[in-house]
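Quick notes on the structure that follows.
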Amino acid sequence: MQRTVRRKGGLDLSRIYKVFGAVLFIYLFLGFMVLPCLNTLTSIFSTRDAAGNLDPMAVIRFFFAGNMPSFVVNSLKLAVCLVITVNVVGISIVLLTEYFDIKGAKILRLGYMTTLIYSGVALVTGYQFLYDSNGMLTQWLVRMFPTMNRQWFSGFNAVLFTMTFACTSNHALFLRNAIRGIDYNTVEAARNMGAKPFKVLFKVVMPTLLPTLFSLTVMTFITGLCAMSAPTLLGYNSINPEIVRLAGSSVADEAFPQARAALLSVILALFTIVLLTALNHYERKGHYLSVSKTKAKLVKQKIQNPVWNVAAHAYAYVLFLIYMTPVVMIVLFSFQNWPAIRAKSLNVSDWTLINFFGTQDYSYTTSRGKQRIREGVISGVFSNADTVGGIRLSFVLSALAAALTCVIVVIAVNYIFKHRGKKRGGLVEACLLFPWLLPTILICYSYRIFFNGEVWYVLGKNLYYRENVRFLIVMAYTVVKLPFALRMVKAAFYAIDDELEDAARNLGASQLVTFLRVKLPIVLPSVLAVFALNFNALFTEYDMSATFHSSYGKSYAMVIQSMTAEEGRDGYNMNGSGRRCASTVFIMLVSGLILYLVYGVGARDLGERLERRKKRREFFARLTGKRQKTA
């Protein structure tokens with residue numbers, strides 16, 4: 001009783017923490033989600049004419065009178081075509097590796113999933129290495145067909161081809177899980193009733209995959225609509241590259257560029273909101289499948305028709321070559337010297353590690369016939385100041401953003417679960433899901449415009465000025481990754497038994513101690529997985545980096561993008577192609593390691609881990625015993 005009185009008479013620290021947390025959350029939500037986007041929206045209608053008079057409809061009139069609709073049409077065209085091509089290829093690779101009995105399915109699956117370890121600017125680099133005007137495959141085709149256009153791999157067709165194979169990674173993950181969850185008893189029942197294999201596929205299997213396919217279709221459409229790296233590098237005029245271009249322009253260059261960029265950003269946001277609302281409505285309707293009481297594991301189906309069987313195998317391995325050729329070529333050429341890379345010729349005598357480590361001198365002849373030597377201008381990834389600087393900056397910013405995202409989401413989800421069924425919990429969840437309604441480019445552009453000045457909301461600081469832009473990048477990274485982290489961590493919290501919390505409370509543990517000692521250890525593997533996946537995505541992120549691009553915020557992706565600019569001209573920027581190949585290999589290694597830790601080591605349950613530990617101990621015991629006997 002006395003203990004209760006003392007608490008009432010003293011400071012209630014828990015209440016202070018709650019008030020402080022609520023104020024901080026509201027401050028961050030308004031300042032880094034709501035106000036920048038509202039500023040972007042109002043900037044569209046605050047333009048002035050040549051006389052300085054306010055003209056709210058000037059940008060709208062310019063939109064319909066100028067070429068701005070063409071960027072919207074181009075993005076819609078890409079999105080619609082991507083939905084078709086990505087679904088065709090994505091469904092194909094899953095059926096070939098999980099449903100049909102195809103020889104070498106395990107090897108094929110590894111090839112199809114290579115897009116998980118390199119994406120964005122690194123993936124586009126791989127395809128450019130093969131198919132651009134000086135690409136290896138293009139040079140081979142030109143030798144066979146001298147009249148062929150060397151610039152064939154550019155524009156819409158190149159973007160569609162590249163993004164088709166880049167965007168099937170979601171099918172390889174989610175559709176694969178969906179097809180593995182099919183009850184084989186339903187397939188077997190249809191076969192026993194005389195249905196042919198392809199009829200079973202279209203009448204029994206595909207309907208169960210429709211919810212997953214619908215989600216993948218919507219996400220693919222949004223990806224195509226908001227595409228950035230492929231259109232920028234391959235020369236296609238879509239919305240996002242135009243927004244970034246206008247963001248760096250001024251009134252002296254063209255008419256109200258910032259307001260035009262804002263309008264394009266809002267158009268993207270409207271498309272995204274409509275599509276995600278439709279997806280959410282579709283998911284809420286619920287989808288149910290009647291299955292047998294004892295669920296049977298899916299057995300791969302053999303293609304009985306020999307012609308169709310050969311065609312399926314040929315198609316599977318053609319796709320495998322398309323996926324694997326850029327990866328293999330990039331890896332091989334990353335160990336070739338600069339002249340060999342420029343000539344696209346593989347030779348054992350040209351083998352080198354200079355693309356990764358060390359420096360070399362470059363000897364060349366001037367226009368007057370004099371021999372010149374430039375010392376140390378041929379450098380590797382880890383010996384080049386720009387590249388190392390980009391790696392270091394991206395590593396630090398990505399790690400900070402991924403960690404900050406996890407901290408915010410874990411605290412928020414704990415609060416949501418404590419207030420389940422109450423409006424306050426639902427409101428916090430809605431605020432954290434808010435960035436999902438907006439395209440990434442709108443968030444980043446809004447930050448760039450809103451914080452590029454002495455903003456009262458952040459104590460008069462200019463967050464886009466010099467080194468401050470790094471803080472802005474971290475905040476943008478964090479905000480964009482909040483929805484994904486929320487859904488992953490929230491799923492992990494469902495595994496916590498409420499009785500554990502009750503037991504800790506009965507033992508006298510405070511809420512903070514219960515959270516740190518009981519809840520956090522249970523969800524920690526999922527939190528670490530979210531951290532790893534977010535870091536993996538942000539480390540080579542290009543879209544946001546391009547929007548915030550400056551000498552103080554030049555990320556690794558931007559360094560890779562600019563590596564081959566004026567390469568070799570007057571001895572400048574030597575070995576850019578070699579460093580780009582080596583950078584892609586480095587990204588593959590980092591991404592592959594993280595995915596292995598998340599889906600390999602992290603996916604094992606406690607029993608598997610203990611069993612592996614036991615085997616390791618037995619192995620070392622046998623090894624030690626043999627050495628002792630030998631001695």
What's the verdict on side chain to side chain contact (heavy atoms under 4.5 Å, CB included) for Thr272 and Leu437, showing C-alpha distance, side-chain angles and the deciding distance? CA-CA 6 Å; Thr272 305; Leu437 296 175; 5.9 Å; no
For Phe395 and Phe535, run ring pair (Phe, Tyr, Trp, His ring centres under 6.0 Å): C-alpha distance rounded to whole Å, both residues' side-chain angles, the deciding distance at 0.1 Å, then the answer. CA-CA 8 Å; Phe395 186 91; Phe535 174 82; 5.3 Å; yes
Trace of the side chain to side chain contact (heavy atoms under 4.5 Å, CB included) decision for Ile222 with Leu276: CA-CA 9 Å; Ile222 293 175; Leu276 290 179; 3.8 Å; yes
Could you please spell out the steps behind the ring pair (Phe, Tyr, Trp, His ring centres under 6.0 Å) verdict for Phe586 and Phe356? CA-CA 9 Å; Phe586 174 64; Phe356 294 91; 8.7 Å; no
Output, in order, the C-alpha distance, side-chain angles, deciding distance and verdict of side chain to side chain donor-acceptor pair (under 3.5 Å) for Tyr323 and Thr115. CA-CA 8 Å; Tyr323 277 96; Thr115 52; 5.9 Å; no
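For the residue pair Tyr556/Ser583, the side-chain donor-acceptor check at 3.5 Å is satisfied. For the 3.5 Å distance criterion, the side chains of Asn87 and Thr220 fail to qualify, holding no donor opposite an acceptor. No hydrogens or angles considered: a donor-acceptor pair under 3.5 Å links the side chains of Asn536 and Ser591. In summary, the side chains of Thr168 and Tyr112 do not present any donor paired with an acceptor at a separation below 3.5 Å, with no hydrogens or angles considered. Side chains of Asn337 and Asp350: a donor-acceptor N/O pair is present below 3.5 angstrom, by distance only.
The backbone N or O of Lys103 lies less than 3.5 Å from a partner atom in the side chain of His313, making a donor-acceptor pair. At least one donor-acceptor pair under 3.5 Å links the side chain of Thr584 to the backbone N or O of Arg580. Looking only at distances, a side-chain donor or acceptor of Ser70 sits under 3.5 Å from a matching main-chain atom of Asn67. A donor-acceptor pair under 3.5 Å is formed between the side chain of Gln336 and the backbone N or O of Asn347. Proximity of a side-chain donor or acceptor of Ser383 to a complementary backbone N or O of Ser379 within less than 3.5 Å is not detected. Checked by atom type and distance alone, the side chain of Thr478 never pairs as donor or acceptor with a backbone atom of Thr405 at under 3.5 Å. The closest donor-acceptor contact from the side chain of Tyr445 to the backbone of Gln258 lies under 3.5 Å. No donor-acceptor distance shorter than 3.5 angstrom exists from the side chain of Gln139 to the backbone of Leu141, with no hydrogens or angles considered. With hydrogens and angles ignored, the 3.5 Å screen pairs a side-chain donor or acceptor of Ser394 with a backbone N or O of Gly390. Side chain of Glu541 to main chain of Ser545: a donor-acceptor pair is present (N/O by atom type, distance under 3.5 Å, no hydrogens or angles).
Under the salt bridge (charged side-chain N to carboxylate O under 4.0 Å, His left out) criterion, Arg470 pairs with no residue, sequence neighbours left out.
Surrounding OH of Tyr465 are at most 12 heavy atoms belonging to other residues, nucleotides or ligands under 6.0 Å away.
For the side-chain hydrogen bond (donor to acceptor under 3.5 Å, both in side chains) criterion with Trp152, the lone passing option out of Thr138, Asp132, Asn157 is Thr138.
If you look at Phe451 and Tyr464, their ring centroids are not closer than 6.0 Å.
Note: Tyr127 and Phe165 have parallel aromatic rings, judged against thresholds of 30 and 60 degrees for the angle between ring planes.
Taking the ring centre of Tyr236 as origin, the terminal cationic atom of Lys77 falls outside the region bounded by 6.0 Å and 45° from the ring axis.
Note: Leu538 CG to Tyr477 OH = 6.0 Å, rounded to the nearest 0.5 Å.
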